[in-house]
Amino acid sequence: MGDNSTQGMPISMQMALAHNVQAMQAFLKLDNDTQDKIIEKARNTESKRELQRIIDNIPQIRLN
């Protein structure tokens, strides 16, 4: 992601983050590699429910 932009992020993920401010704030604090991994997971989801689980789990991600 580089500059914490939404470039390359699926629109469904952007919308889900917009509805979960805590997850959005946590996502923006993550390093670029972790953000990229989450975006890739979001790209590979097959359902809204699966995407929502990814978004809901972002605030629990802890960096070493």
(request) Please report the shortest heavy-atom distance between Pro59 and Ala23, naming the atom on each side. (result) CG-CA, 3.8 Å
(request) Could you walk me through whether Ile58 and Asn20 pass side-chain contact (heavy atoms from CB on, under 4.5 Å), step by step? (result) CA-CA 10 Å; Ile58 291 173; Asn20 186 332; over 6 Å; no
(message) Quick check: closest heavy atoms across Gln14 and Met9, and the distance to 0.1 Å?
(response) NE2-O, 3.0 Å
(message) Return the CG to CD1 distance between Asn44 and Ile39, rounded to the nearest 0.5 Å.
(response) 12.0 Å
(message) Please report the interatomic distance CD1(Ile61) to CD(Gln35), rounded to the nearest 0.5 Å.
(response) 10.0 Å
(request) Starting at CD1 of Ile54, measure out to CZ of Phe27 and round the result to the nearest 0.5 Å. (result) 11.5 Å
(message) Between Lys37 and Glu40, does any side-chain N to carboxylate O distance fall below 4.0 Å?
(response) no
(request) To the nearest 0.5 Å, tell me how far Gln22 CD sits from Ile55 CD1. (result) 12.5 Å
(request) Hey, could you give me the CE/CE distance between Met13 and Met24, rounded to the nearest 0.5 Å? (result) 10.5 Å
(request) For Gln60, look at atom CD and say whether over 12 heavy atoms of other residues, nucleotides or ligands are found less than 6.0 Å away. (result) yes
(message) Return the CG to CG distance between Leu17 and Leu28, rounded to the nearest 0.5 Å.
(response) 8.0 Å
